[in-house]
Structures are given as C-alpha cells and as structure tokens.
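Every value quoted in this text rests on a predicted model; they were computed, and no experiment measured them. Atoms within each ligand, like the ligands themselves, are counted from 1 in listed order. In this chain, residues are counted from 1 in sequence order.
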Amino acid sequence: MKILITGGAGFIGANFIHYWAKQYPQDQIINVDKLTYAGNLENLKELDGSDNYKFYKTDIADFAAINKVIKDEKPDAIVNFAAESHVDRSILGPDEFVKTNIEGTYNLLKSARENGNIRFHHVSTDEVYGSLEMDDPAFNEKTPYDPRSPYSASKAASDHLVMAYFHTFDLPVTISNCSNNYGPYQFPEKLIPLFIANLTDDKKVPLYGDGMNVRDWLYVEDHCRAIDLVLKKGRLGETYCVGGAAERNNREITYKILELMGKGEEMIEFIEDRKGHDRRYAIDFSKIKSELGWEPEVDFDEGMKATIEWYKKNEQWWRNVMTGDYQKYFEENYSKRD
Ligand code: NAD
Ligand code: TYD
C-alpha cells in the first residue's frame, strides 16, 4: 500500500511514520510537510535514503501544490496530521490555525475527491468537545462540539468538513479524536518535554494558574496503533474517541517529572493562567475498544519513565530544537536534491 502522511515531520506524525515503517516494511510512505517551526526532519533521519520513503516540502494550505503531489503519487490512503497544534500559539496568533487546520484540511479533502475518492483519515483532538467540570462524564463520540480556543475551534471546523465530505460526496473518511499525547520527539513547548528540558538545565517549570487543570494522557505509540486500526478496520463516516485512561492534573504530572528527575518542589513556579484555560478533558474510549479491540497498552508511569529516558538519551535532539539548528537539516540534506 502507498500511504501519504501530512505533518510527518512533527511529533505524532514522525512517531506514526516510524511505527508504519516497522509494522509494514513493504509499504510506500509519502511524507508531506511544510516544515514549520514544529517540523523536524531529524526525527526521520533513519529513513533517509530508503526506497520506501519519500519527502515533499509542501504546504497543505496551497491547493495547487498539494494537489500536484496527490495527483503524482496516487496514494491508497491519506492520513492528515498536519496542523498548527499549540494552544498558546493559537491565542497569540490564530491566523495560521485557520489557514492550515481549516483551509489545509479542506484542500486535502477536495484533492482526495478529485483524485479518485482516496481513503482519508483525519487526526483530531478531544479539545473539540470543550471543557468538563470535575464530575462531568468523559467525552464520547456523541458529545456536542464546544471548542473554546482558536486551536480547538479550527480543529472542530476541520472535523465538520471531513464529515461533510462523507455525507455529501461519499468520500471514504474516518476521524479519531485523541487526548493529550506524550513520548519521543515532542516539541519542547508542550508541558511534558518543556518541563523535562527546563529541569535538565536547573530552570524552574512554569505551571499555569492553580495547576489543577486535568488532561487525559496517552503514550504516542498507543495513538499510532489506534490510527492504524481505524484506518484499516474503522467504519467509514465514523469518529473514534481515543484515550489513555490516565486523567492527571498538571500538578500530578509535574510531581511525577520532578520525582523521576530527582528534583524538588522548589522548582515549580506558578504563573498567570492561560486565557480561556480548559479545566478538564477526559475520554470514554469504549467505542474503539468494543468495535476494534483497541485499548492503551502503555501504563502512564511506564510511559513517563520511557519518555524521560528518551529525552536524556537524545539531549542533542532537543538542544538543536532550542537553538534552531534543527531547521538546517532540510537545507543540508534535501534542498540540493531534485
Ligand atoms: P506538531 O505541531 O508536532 O506537528 C505538526 C506538523 O505539521 C509539523 O511537522 C508541521 O511542520 C506540519 N505542518 C504545519 N502546518 C503545515 C502545513 N500548512 N502544511 C504541511 N505541513 C504543516 O503536532 P502533533 O502534536 O504531532 O499533532 C499532530 C496532529 O495530531 C494534529 O492534527 C493535532 O491536532 C493532533 N493531536 C495532537 C495531540 C497532541 O497531544 N499532540 C492530541 C490529539 C490530536
Ligand atoms: P499543553 O501541553 O500545551 O497541551 P494542551 O493545552 O493542548 O492540553 O498543556 C497541557 C496542560 O499543561 C494545560 O493544562 C496547560 C498546562 N501548561 C502549563 O501549566 N505550563 C506550561 O508551560 C505549558 C506549556 C502547559
């Protein structure tokens, strides 16, 4: 099979490409990424030169460009990871979120339809469902959409376009709405990798507000397995909620990182809260469990240990991200090729 992945140089996309290459070594993988600040080709350097892997530096918000790649490559399936993904950035500047997350997804749908109704899987987030109170039941596929940040609103809009293409044009689509991921290759602007990087350098870790906001956390490889199953066995036109059965508040996450890194509570600095900060996300993943037999395999404590180990072993990776050196990888390794 030939699979086209958008956003493959980012955190989850890169993990997914590694997962796919290992799981299905005969498959052709096409990676399409604009290489924004979040795209890092060093994440995929093991695949450079492989006959089964090809990279295109392409913007999904540019219809002519992305349509040409899809037309030339004729993939059997498209998995859309490409997005602006950081809530804090969406508060500072929503423009790119509307462009990439909404217009970019629209362009992919339009191109998938024009090039033979290509199977399309859209990777989305639990944030489209809004914010829960502590005693509310977890989100499920029937929870009404109620996005509250420019990030989650743009993802919600993209989900609606995906479903519109199913109902209106019979495009074979699925969506997965997943909770917070963590693991290797996550950009050190998100909670877990940022705190690991800061503590390595004896810098304090900034906890927003009272630190009691709750997220559900899933090890990224478990997410990759879920997407694989939905792509291959999911019912068309359906959404699948994916979660880690690991609800934790931000203080708990911080204490866990401090404990694993041998640091004390004095390293926490409480700072001004994020604007419109969603209080709690939680996921009921019983649909994907009963229909496709998926459930998380990596327990939270085990996943956190593995993640911290990875960041310790790969210090140069995140230091290159911090200095901006990672952005030279494309210039040095790709730009002189055809
Ligand atoms: P990320 O920010 O690490 O990576 C995004 C990738 O998309 C980058 O490589 C970037 O260069 C690329 N990209 C951005 N704009 C593009 C454009 N216009 N054209 C082509 N490529 C572009 O994000 P992530 O954390 O890996 O998230 C991947 C997907 O999963 C996103 O759609 C996100 O909404 C969703 N998601 C993320 C989480 C999470 O916890 N990280 C949870 C649920 C869902
Ligand atoms: P983040 O990793 O940005 O993911 P999301 O906002 O998509 O859930 O943040 C996770 C939680 O951690 C969220 O409640 C905000 C909080 N947070 C901090 O307290 N300090 C930080 O420096 C960051 C980046 C996040």
Side-chain angles (χ1 to χ4, degrees), residues 5-16 31-41 43-44 56-62 65-66 69 79-91 96-97 99-101 103-105 107-108 122-128 131 149 151-152 154-155 158-159 175-183 185-195 198 204-218 220 223 226-227 241-244 248-251 253-254 268-274 276-281 283 321 327 330:
I5 287 152
T6 69
F11 163 47
I12 309 175
N15 277 284
F16 187 77
N31 177 17
V32 174
D33 200 297
K34 180 184 175 184
L35 298 183
T36 67
Y37 79 94
N40 184 350
L41 283 179
N43 299 354
L44 297 160
Y56 287 91
K57 186 176 189 297
T58 304
D59 182 351
I60 62 165
D62 176 344
I66 185 62
V69 174
V79 181
N80 182 29
F81 292 92
E84 286 294 332
S85 69
H86 190 38
V87 174
D88 292 325
R89 286 182 190 255
S90 83
I91 295 166
E96 288 303 313
F97 288 73
K99 214 172 249 160
T100 289
N101 300 2
E103 288 179 36
T105 303
N107 287 339
L108 290 169
H122 182 60
V123 180
S124 192
T125 166
D126 60 357
E127 303 192 24
V128 298
S131 179
S149 73
Y151 165 64
S152 53
S154 65
K155 291 297 289 187
S158 66
D159 291 7
I175 300 179
S176 48
N177 292 84
C178 187
S179 57
N180 285 53
N181 284 214
Y182 67 100
Y185 302 115
Q186 189 166 29
F187 199 89
E189 65 181 352
K190 304 274 169 75
L191 179 74
I192 291 175
L194 175 72
F195 282 19
N198 276 13
K204 292 201 172 194
V205 295
L207 258 187
Y208 296 158
D210 62 3
M212 295 303 283
N213 301 67
V214 175
R215 301 288 183 263
D216 172 64
W217 294 92
L218 179 70
V220 62
H223 188 190
I227 295 168
C241 282
V242 180
R248 300 282 187 282
N249 67 45
N250 294 336
R251 286 191 196 208
I253 300 290
T254 307
I268 300 177
E269 184 178 14
F270 285 94
I271 64 165
E272 192 188 331
D273 209 354
R274 173 187 278 173
H277 196 172
D278 288 343
R279 196 61 173 165
R280 173 175 166 245
Y281 307 139
I283 283 269
V321 171
Q327 284 167 324
F330 178 76

Once the angle between the rings of Phe81 and Phe16 is folded into 0 to 90°, is it parallel (under 30°), tilted (30 to 60°) or perpendicular (over 60°)?
-> tilted

Looking only at distances, please establish whether an N/O atom of ligand 1 is found under 3.5 Å from an N/O atom of Gly10.
-> yes

Out of curiosity, Ser85 OG to Asn101 CG, how far, rounded to the nearest 0.5 Å?
-> 8.5 Å

Is the shortest N/O to N/O distance between Lys155 and ligand 1 below 3.5 Å?
-> yes

For ligand 1, which atoms sit closer than 4.0 Å to a heavy atom of Ala38?
-> 2 (O), 8 (C), 9 (O)

Option of least heavy-atom distance to atom 40 (O) of ligand 1 (set: Thr105, Asp33, Asn181, Leu108) = Asn181

Is NZ or CZ of Arg215 both nearer than 6.0 Å to the six-membered ring centre of Tyr182 and within 45° of the ring axis?
-> no

Test item, Asn40 contacting ligand 1 (heavy atom, 4.0 angstrom) = no

For atom 3 (O) of ligand 2, what's the nearest protein heavy atom and its distance?
-> Arg274 NH2, 3.0 Å

So which bit of Leu207 gets within less than 4.0 Å of ligand 2, heavy atoms only: side chain, backbone, both or neither?
-> both

Return a yes/no value for Ala61: is any of its N or O atoms, backbone included, closer than 3.5 angstrom to an N or O of ligand 1?
-> no

Any atoms of ligand 2 less than 4.0 Å from a non-hydrogen atom of Leu194? List them with their elements.
-> 22 (O)

Atoms in ligand 2 with a heavy atom of Glu189 nearer than 4.0 Å = 24 (C)

Between Asn181 and Asn15, a side-chain donor and acceptor under 3.5 Å = no

Could you check atom 2 (O) of ligand 2 against the protein and tell me its nearest heavy-atom contact, residue, atom and distance included?
-> Leu191 N, 2.9 Å

Where ligand 2 meets Glu127 - atom numbers and elements under 4.0 angstrom, heavy-atom basis | 5 (P), 7 (O), 8 (O)

Measure the NZ-CD1 distance between Lys155 and Ile175 for me, rounded to the nearest 0.5 Å.
-> 9.5 Å

Nearest-option assignment for atom 38 (C) of ligand 1, heavy atoms, candidates Ile12, Thr125, Thr6 | Ile12

Taking atom 30 (O) of ligand 1 as the reference point, the nearest protein heavy atom with its distance = Val123 CG1, 3.5 Å

Can you find an N or O of Gln186 that's nearer than 3.5 Å to an N or O of ligand 1?
-> no

Atom 15 (N) of ligand 1: closest protein heavy atom, distance to 0.1 Å, is Thr100 CG2, 3.4 Å

Just distances here: any N/O of Ile60 and N/O of ligand 1 closer than 3.5 Å?
-> yes

Contact partition for Asn180 relative to ligand 2, non-hydrogen atoms under 4.0 Å | side chain

Which of the numbered atoms in ligand 1 are below 4.0 angstrom from a heavy atom of Ser179?
-> 42 (C), 43 (C)

Answer yes or no for Phe187: is there a heavy-atom contact with ligand 1 below 4.0 Å?
-> no

Counting from 1 in the order shown, the ligand 1 atoms closer than 4.0 Å to a non-hydrogen atom of Ala9 are 9 (O)

Flag Ala82 as yes when one of its N or O atoms lies below 3.5 Å from any N or O atom of ligand 1, and as no otherwise.
-> no

Nearest protein heavy atom with distance in Å, relative to atom 31 (C) of ligand 1 = Phe81 O, 3.2 Å

Just jot down the ligand 1 atoms closer than 4.0 angstrom to any heavy atom of Tyr151, in number order.
-> 33 (C), 34 (O)

When rounded to the nearest 0.5 angstrom, what distance separates OG1 in Thr254 from CG in Leu191?
-> 5.5 Å

Nearest non-hydrogen protein atom, atom 20 (C) of ligand 1 = Lys34 N, 3.2 Å

The protein heavy atom nearest to atom 5 (C) of ligand 1 is Ala83 O, 3.4 Å

Atom 18 (C) of ligand 2: nearest protein contact (heavy atom, Å) | Tyr208 CD1, 3.4 Å

Please write down residue, atom name and distance for the protein heavy atom closest to atom 2 (O) of ligand 1.
-> Ser85 OG, 2.7 Å

At a 4.0 Å threshold, what atoms of ligand 1 neighbour a non-hydrogen atom of Thr36?
-> 10 (C), 11 (O), 14 (C), 15 (N)

Identify, for atom 15 (C) of ligand 2, the protein heavy atom at the shortest distance, and state residue, atom and that distance.
-> His277 NE2, 3.4 Å

Under 4.0 Å from ligand 1, counting heavy atoms only, is it the side chain of Leu35, its backbone, both or neither?
-> backbone

Proximity flag Ala14 to ligand 1, non-hydrogen atoms under 4.0 Å | no

For Asn180, the ligand 1 atoms with a heavy-atom partner under 4.0 Å come out as 40 (O)

Short side-chain to backbone donor-acceptor contact, Asp216 and Gly244, under 3.5 Å = yes

Over all heavy atoms of both residues, which pair between Pro188 and Val321 is shortest? Give the atoms and the distance, please.
-> CD-CG1, 3.7 Å

Asp88 (side chain) donor-acceptor with Arg274 (main chain) under 3.5 angstrom = no

What protein heavy atom is closest to atom 43 (C) of ligand 1, reported as residue, atom name and distance in Å?
-> Cys178 O, 3.3 Å

For ligand 1, is there an N or O atom under 3.5 Å from any N or O atom of Asn80?
-> no

Is it the side chain (CB and beyond), the backbone, both or neither of Thr58 that lies under 4.0 Å from ligand 1, heavy atoms counted?
-> backbone

For atom 20 (N) of ligand 2, find the nearest protein heavy atom and state the residue, atom name and distance (0.1 Å precision).
-> Pro206 O, 2.7 Å

Looking only at heavy atoms, is any part of Asn250 under 4.0 Å from ligand 2, and if so is it the side chain, the backbone, or both, or is it neither?
-> side chain

Any side-chain donor-acceptor pair under 3.5 Å between Ser179 and Asp126?
-> no

Who gets closest to atom 8 (O) of ligand 2 by heavy atom: Met212, Arg215, Gln186?
-> Arg215

Does a donor on one side chain and an acceptor on the other come within less than 3.5 Å for Tyr151 and Glu84?
-> no

Compute the shortest N/O to N/O distance between Ser124 and ligand 1 and return yes if it is under 3.5 Å, no if not.
-> no

Taking only heavy atoms of Lys190, which atoms of ligand 2 are found under 4.0 Å from at least one of them?
-> 2 (O)

Backbone or side chain, does any N or O of Asp59 fall under 3.5 Å from an N or O of ligand 1?
-> yes

Which atoms of ligand 2 have any heavy atom of His86 under 4.0 Å away?
-> 3 (O)

Leu207 CG to Phe195 CZ distance, which is reported to the nearest 0.5 Å = 4.5 Å

Without swapping roles, check the side chain of Asn80 against the backbone of Thr6 for a donor-acceptor pair under 3.5 Å.
-> no

Taking everything shown except Lys99 itself, do over 12 heavy atoms lie less than 6.0 Å from its NZ?
-> no

With sequence neighbours left out, write down each residue that passes salt bridge (Lys or Arg N to Asp or Glu O under 4.0 Å) with Glu96, or none if nothing qualifies.
-> Lys34

Minimum-distance pair of heavy atoms, taken over all atoms of Arg279 and Ser131 | N-OG, 2.7 Å

Write out the residue and atom name of the closest protein heavy atom to atom 3 (O) of ligand 1, then the distance separating them to 0.1 Å.
-> Phe11 N, 3.0 Å

With sequence neighbours left out, what residues match Arg280 under salt bridge (Lys or Arg N to Asp or Glu O under 4.0 Å)?
-> Glu247

